[in-house]
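The next block holds one structure in the form of structure tokens; read it before the comments.
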Amino acid sequence: MNILITGSNGQLGSEFKDLSSKYKDYNFIFTDIDTLDIINYDKVEQFIKKNKPEVVINCAAYTAVDKAEKEREVVYKINTDAVRNLAELSSKHKFVLVQISTDYIFEGLNHKPYTENDTPNPKSIYAKSKHEAEIEMVFNSKRAVIFRTSWLYSSYGHNFVKTIIKLAKEKGKIDVVCDQIGTPTYAADLAFAILEAMPQIAKATSLEAYNFSNEGVASWYDFAKAIVELSGIKCTITPIETKDYRTEAQRPLYSVLNKTKFKKFFKQEIPYWRDSLSVCLKKNNF
Ligand SMILES: NC(=O)c1ccc[n+]([C@@H]2O[C@H](COP(=O)([O-])OP(=O)(O)OC[C@H]3O[C@@H](n4cnc5c(N)ncnc54)[C@H](OP(=O)(O)O)[C@@H]3O)[C@@H](O)[C@H]2O)c1
């Protein structure tokens, strides 16, 4: 089975690359913007015709949440328009489209984990562009799976873990927001979960959305404390409120995802976030 992965130099795409040698039944085709710019409909169609993927996993995205507030046009091109193109092409060329979405599509006023049936109300440009991509998929794709995930990190790309380690080593004292609650997710766990789910994904007959994050709940403060503790770095971390840490984009105060649907359908267990963080920090030299 041919599996095309777009945006494969990013965090999630790189984790797919690392795991690919363990899945000998699949022929992986890894691309990024230099080899396959997902904005370009004609080029993507040519590529699909030539390589005949049965499944396309779209890891390509504009993910700089704050910068996105000032770059609306390009954000929508990558996160929404290109996904609509992929969705159209998936119907035309009969492949299953796997799209990665985000907990940020929720406003964050819940007090219990969001299910796939809760109503999105995205607040930032990034979140709106990702939500509109989901809507485009509803209208344009026949066989597709959306995985909504949260707070991704990895040894690859840019992420909170790397930022905290760098700042902790440089400054020895940092402030981190304690009133935004979610779940850190190791991108390697998401990549593994998707590959383990591939037999069911390949048989998709409609569009279905599933939440996937690591298990458990944390604030960014808890996450930062765990990062420095598990890395053995001496650093004082002070909890602060969102109101005292201004960012361009508004983020949900609560965006924990309910993963019951994923666990029931795919029959997979999900690792606890702190255990996965420990695996990531031990495996990789930050
Ligand atoms: N990061 C998170 O915390 C988080 C949370 C929830 C959901 N997600 C979603 O999870 C998915 C994977 O995220 P990630 O953190 O792995 O992202 P990432 O590290 O930013 O990787 C995205 C990749 O896509 C590439 N790309 C950008 N524009 C492209 C284009 N037009 N054509 C082809 N490739 C393009 C990027 O290249 P450049 O680097 O050169 O731009 C990069 O290699 C995304 O859909 C994201 O929205 C992420």
Side-chain angles (χ1 to χ4, degrees), residues 1-6 8 11-28 53-59 86-87 90 94-103 105-106 110 112-118 120 130 133-134 137-138 141-154 182-218 255-280 282-283:
M1 183 165 88
N2 292 335
I3 302 177
L4 168 61
I5 304 200
T6 62
S8 66
Q11 298 193 80
L12 182 59
S14 299
E15 298 291 356
F16 276 116
K17 274 187 202 155
D18 276 5
L19 287 169
S20 59
S21 61
K22 296 199 176 96
Y23 291 85
K24 304 271 186 227
D25 291 347
Y26 304 144
N27 173 41
F28 292 93
E54 275 98 331
V55 175
V56 174
I57 306 176
N58 181 31
C59 299
L86 285 171
S90 74
K94 304 195 178 351
F95 60 83
V96 178
L97 176 60
V98 177
Q99 167 68 1
I100 315 300
S101 195
T102 170
D103 58 328
I105 63 168
F106 295 113
N110 260 22
K112 60 178 186 167
Y114 283 94
T115 72
E116 291 79 358
N117 293 330
D118 281 316
K130 297 291 288 186
E134 292 193 6
M137 288 178 72
V138 171
S141 56
K142 293 195 174 71
R143 299 168 62 219
V145 183
I146 296 169
F147 289 101
R148 289 178 182 155
T149 192
S150 63
W151 300 20
L152 275 190
Y153 67 90
S154 153
T183 310
T185 303
Y186 184 22
D189 290 343
L190 175 57
F192 177 75
I194 293 175
L195 291 176
E196 288 294 300
M198 197 47 71
Q200 291 110 309
I201 290 172
K203 281 189 233 138
T205 54
S206 58
L207 169 73
E208 214 47 71
Y210 299 91
N211 292 337
F212 181 95
S213 68
N214 278 130
E215 293 284 18
V217 173
S255 61
V256 179
L257 298 171
N258 178 317
K259 297 162 289 286
T260 305
K261 184 179 173 188
F262 173 89
K263 288 185 278 189
K264 261 194 183 164
F265 185 74
F266 294 110
K267 300 191 173 37
Q268 290 187 38
E269 286 182 9
I270 302 177
Y272 175 55
W273 72 266
R274 215 181 137 104
D275 295 339
S276 289
L277 175 62
S278 174
V279 171
C280 176
K282 274 190 197 131
K283 191 174 146 203

Would Y153 and S276 satisfy side chain to side chain contact (heavy atoms under 4.5 Å, CB included), going step by step from the backbone distance to the final call? CA-CA 10 Å; Y153 67 90; S276 289; 3.8 Å; yes

Roughly how far apart are [X] [atom1] and [Y] [atom2], rounded to 0.5 Å?
X: I100; Y: I57; atom1: CD1; atom2: CD1; answer: 7.0 Å
X: S90; Y: N58; atom1: OG; atom2: CG; answer: 11.0 Å
X: I270; Y: S213; atom1: CD1; atom2: OG; answer: 6.5 Å
X: I194; Y: Q268; atom1: CD1; atom2: CD; answer: 9.5 Å
X: E196; Y: K267; atom1: CD; atom2: NZ; answer: 14.0 Å
X: Y210; Y: I146; atom1: OH; atom2: CD1; answer: 11.0 Å

Side chains of Q200 and F266: does their closest heavy-atom pair fall under 4.5 Å?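 Result yes, sub-4.5 Å side-chain heavy-atom pair found.
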
Between [X] (side chain) and [Y] (backbone), is there a donor-acceptor pair under 3.5 Å?
X: R143; Y: I201; result: no
X: D103; Y: L257; result: no
X: K130; Y: I105; result: no
X: E208; Y: V145; result: no

If you look at every heavy atom in [X] and [Y], which pair is closest and at what distance?
X: R148; Y: T115; answer: NH1-O, 4.4 Å
X: L4; Y: P53; answer: CB-CB, 3.9 Å
X: A187; Y: S154; answer: CB-CB, 4.0 Å
X: M198; Y: Y26; answer: CB-OH, 3.3 Å
X: K17; Y: S8; answer: NZ-O, 3.2 Å
X: N211; Y: E116; answer: N-OE2, 2.7 Å

For the residue pair [X] and [Y], confirm or rule out a side-chain donor-acceptor distance under 3.5 Å.
X: N258; Y: T260; answer: yes
X: Y186; Y: Q11; answer: no
X: N214; Y: T183; answer: no

Atom NZ of residue position K261 - does it have more than 12 heavy atoms of other residues, nucleotides or ligands inside 6.0 Å?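 Enclosed: over 12 neighbouring heavy atoms sit under 6.0 Å from NZ of K261.
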
Using ring centroids (six-membered ring only for Trp), state whether F28 and F16 fall under 6.0 Å.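 No, ring centres 6.0 Å or more apart.
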
Begin from the C-alpha positions of E15 and L190 and carry the test side chain to side chain contact (heavy atoms under 4.5 Å, CB included) through to its verdict. CA-CA 9 Å; E15 298 291 356; L190 175 57; over 6 Å; no

Partner of F212 by ring pair (Phe, Tyr, Trp, His ring centres under 6.0 Å), out of F262, F147, F192, W151: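 By the ring pair (Phe, Tyr, Trp, His ring centres under 6.0 Å) criterion, F212 pairs with just one of F262, F147, F192, W151: F262.
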
